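Notes follow the structure.
Only a predicted model underlies this, so the values are computations on that prediction, with no experimental measurement involved. One is the number of the first residue; the rest follow in order along the sequence.
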Amino acid sequence: MTDEVLLQVSELSVAYAGKKVVTNVSLEVRARQIVVVLGPNGAGKTTLLKGLYGLIEEREGSVMLGEHDISDNGPRRNMAAGIGYVPQGGTVFPDLTVEENLKLCSRGIGSPSEAYDQMYEIFPSLKRRRKQRARVLSGGEKQMLAIGMGLMPEPKLLLVDEPSIGLSPALADQVFQTLTTVNATVGTAIVIVEQAVDRALEAAGYAYVMRAGQIVYGGTPGSVDVDAISSRAVPNREASTQGTPERAQEA
Ligand SMILES: Nc1ncnc2c1ncn2[C@@H]1O[C@H](COP(=O)(O)OP(=O)(O)OP(=O)(O)O)[C@@H](O)[C@H]1O
Ligand SMILES: [Mg+2]
């Protein structure tokens with residue numbers, strides 16, 4: 001059975017000081033699906049996520065979360081509506097302990113201690129370090145903590161910006177494995193924007209390719225022409241699909 005559409009983005013444009021850097025992006029994410037948005041440096045991946053989450057107000061177009069129109073929501077309302085956001089570089093508060101970092105994201109949660117337990121189950125290395133300041137964590141542990149912070153409010157949809165950036169291949173694998181596990185066990189739908197193409201495609205149920213602020217391809221992970229992503233060609237193995245991306249399929 002195909003899961004229902006959870007996030008529907010239609011013709012979203014996002015600008016800085018009047019200059020559009022994301023133009024007419026349409027995409028969809030189904031419940032419990034992992035969707036990746038691939039693209040080179042400067043393609044507009046971060047701007048897309050920030051626009052979606054309401055961190056940039058200069059935007060047009062429509063964003064629906066289920067039946068709710070969230071096009072004009074700021075981050076606080078989006079968080080309350082069930083969206084989590086993990087910024088590029090996995091921002092954590094270095095002078096707070098692991099648990100204090102998680103606690104900061106627990107507002108509105110009935111029972112934070114249960115939520116901590118769930119996080120420590122997903123991220124065992126954080127449990128061992130829960131009383132330590134975040135500044136002593138390794139790069140991979142910091143990224144895990146940042147993802148944990150995004151998951152604390154139990155979002156239906158988690159937006160993750162380049163989770164593998166700055167990590168060794170082994171740690172990047174671990175981070176992706178964790179995201180896949182969260183998706184499979186908790187059922188959280190996840191949008192990952194990435195440059196690490198192979199890893200991202202392996203995790204994804206559906207993939208979009210972004211270039212110069214636009215989605216230039218949408219298809220199953222196997223249909224993406226990996227070699228063409230940073231070149232000028234349209235990155236589909238079989239045929240050009242310029243224009244509106246096709247509807248996301250079941251994973
Ligand atoms: N705060 C800002 N003000 C003005 N322009 C910006 C701002 N942030 C990003 N840009 C520009 O918007 C474009 C897209 O940037 P963005 O950070 O979204 O790309 P990206 O795909 O996330 O790249 P990367 O893979 O390097 O993180 C770039 O040309 C960038 O210079
Ligand atoms: Mg970015």
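For the residue pair Ala15 and Ile56, the shortest heavy atom distance occurs at O-CG2, 3.7 Å. Closest non-hydrogen pair, Ser71 versus Ser62, comes out as OG-CA, 3.4 Å. When all heavy atoms of Val175 and Pro163 are compared, the closest pair comes out as CG1-CB, 3.7 Å. Contact detail for Asn78 and Leu52: the closest heavy-atom pair is ND2-O, 3.6 Å. Summarising the geometry of Asp72 relative to Arg59, their closest heavy-atom pair is C-NH2, 3.5 Å, with the distance given to 0.1 Å. Here the closest heavy-atom approach between residue Lys156 and residue Leu6 is recorded as O-CD2, 3.6 Å.
No donor-acceptor pair under 3.5 Å is formed between the side chain of Asp161 and the backbone N or O of Val86. Under a 3.5 Å cut-off, the side chain of Lys127 and the backbone N or O of Ile122 do not form any donor-acceptor pair. Formation of a donor-acceptor pair under 3.5 Å by the Ser26 side chain with backbone atoms of Glu11 is found in this model. Side-chain N or O atoms of Arg133 include one that pairs as donor or acceptor with a backbone N or O of Asp95 at under 3.5 Å. Remark: side-chain polar atoms of Asn183 are paired, donor with acceptor, to backbone N or O of Arg32 under 3.5 angstrom. Panel note: side chain Thr23, backbone Ser13; no donor-acceptor pair is recorded below 3.5 Å. A distance-only check finds a donor-acceptor pair linking the side chain of Glu58 to the backbone of Ala17 [under 3.5 Å]. A donor-acceptor contact shorter than 3.5 Å links the side chain of Lys45 to the backbone of Gly39.
Under the side chain to side chain donor-acceptor pair (under 3.5 Å) test applied with Ser164, the options Gln143, Gln195, Glu194 reduce to a single match, Glu194. Tested against Ile147 for a side chain to side chain contact (heavy atoms under 4.5 Å, CB included), the candidates Leu179, Ile190, Leu126 yield a single pass: Leu179.
Atoms CG and OG1, on Asn41 and Thr46 in that order, are 9.5 Å from each other to the nearest 0.5 Å. We find the CG-CE distance between Asn101 and Met152 to be 10.5 Å, quoted to the nearest 0.5 Å. Here the CG-OG1 distance, from Leu158 to Thr188, works out to 7.0 Å after rounding to the nearest 0.5 Å. Separation of atoms CZ (Arg199) and CD (Gln177) is listed at 11.5 Å; rounding is to 0.5 Å. To the nearest 0.5 Å, atoms CD (Glu99) and CZ (Arg130) are separated by 6.0 Å. Atom CG of Leu137 is separated from atom CG of Leu145 by 6.0 Å, given to the nearest 0.5 angstrom.
Enclosure of atom NZ in Lys142 by more than 12 non-hydrogen atoms of other residues, nucleotides or ligands within 6.0 angstrom is indicated.
Between Arg128 and Tyr120 the shortest side-chain heavy-atom distance does not fall below 4.5 Å. Here the side chains of Val25 and Met210 are in contact, with some heavy-atom distance below 4.5 Å. Using a 4.5 Å cut-off on side-chain heavy atoms (C-beta onward), Val191 and Leu157 make contact. Side-chain contact between Tyr206 and Gln33 is present, with heavy atoms from C-beta onward closer than 4.5 Å. Between Val136 and Arg129 the shortest side-chain heavy-atom distance falls below 4.5 Å. Side-chain contact between Leu38 and Leu201: present, with at least one pair of heavy atoms (C-beta onward) separated by less than 4.5 Å. Contact check for Glu100 versus Phe93: no side-chain heavy atoms found under the 4.5 Å cut-off. Inter-residue side-chain proximity for Val35 and Leu27 is flagged as unmet; no heavy-atom pair is nearer than 4.5 Å.
When the side chains of ILVMFWY residues are joined at heavy-atom separations under 4.5 Å, either directly or via intervening members, Ile165 and Met149 end up in two distinct hydrophobic clusters. Met144 and Leu104 fall within a single hydrophobic cluster, where Ile, Leu, Val, Met, Phe, Trp and Tyr side chains are chained together by heavy-atom contacts under 4.5 Å. The hydrophobic cluster containing Met64 does not contain Leu7, counting ILVMFWY residues as joined when their side-chain heavy atoms lie under 4.5 angstrom apart, directly or transitively.
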Inset, instruction - May I have the step-by-step check of side chain to side chain contact (heavy atoms under 4.5 Å, CB included) for Met79 and Tyr85, ending in yes or no? - result: CA-CA 8 Å; Met79 196 211 243; Tyr85 171 65; over 6 Å; no
Legend entry - Test side chain to side chain contact (heavy atoms under 4.5 Å, CB included) applied to Val186 and Gln118, step by step: CA-CA 10 Å; Val186 187; Gln118 195 187 9; 3.8 Å; yes
Inset, instruction - Show your reasoning for whether side chain to side chain contact (heavy atoms under 4.5 Å, CB included) applies to Leu151 and Phe123. - result: CA-CA 11 Å; Leu151 287 170; Phe123 308 103; 4.3 Å; yes
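Judged purely by distance below 3.5 Å, without hydrogens or angles, the side chains of Tyr217 and Ser223 pair a donor atom with an acceptor atom.
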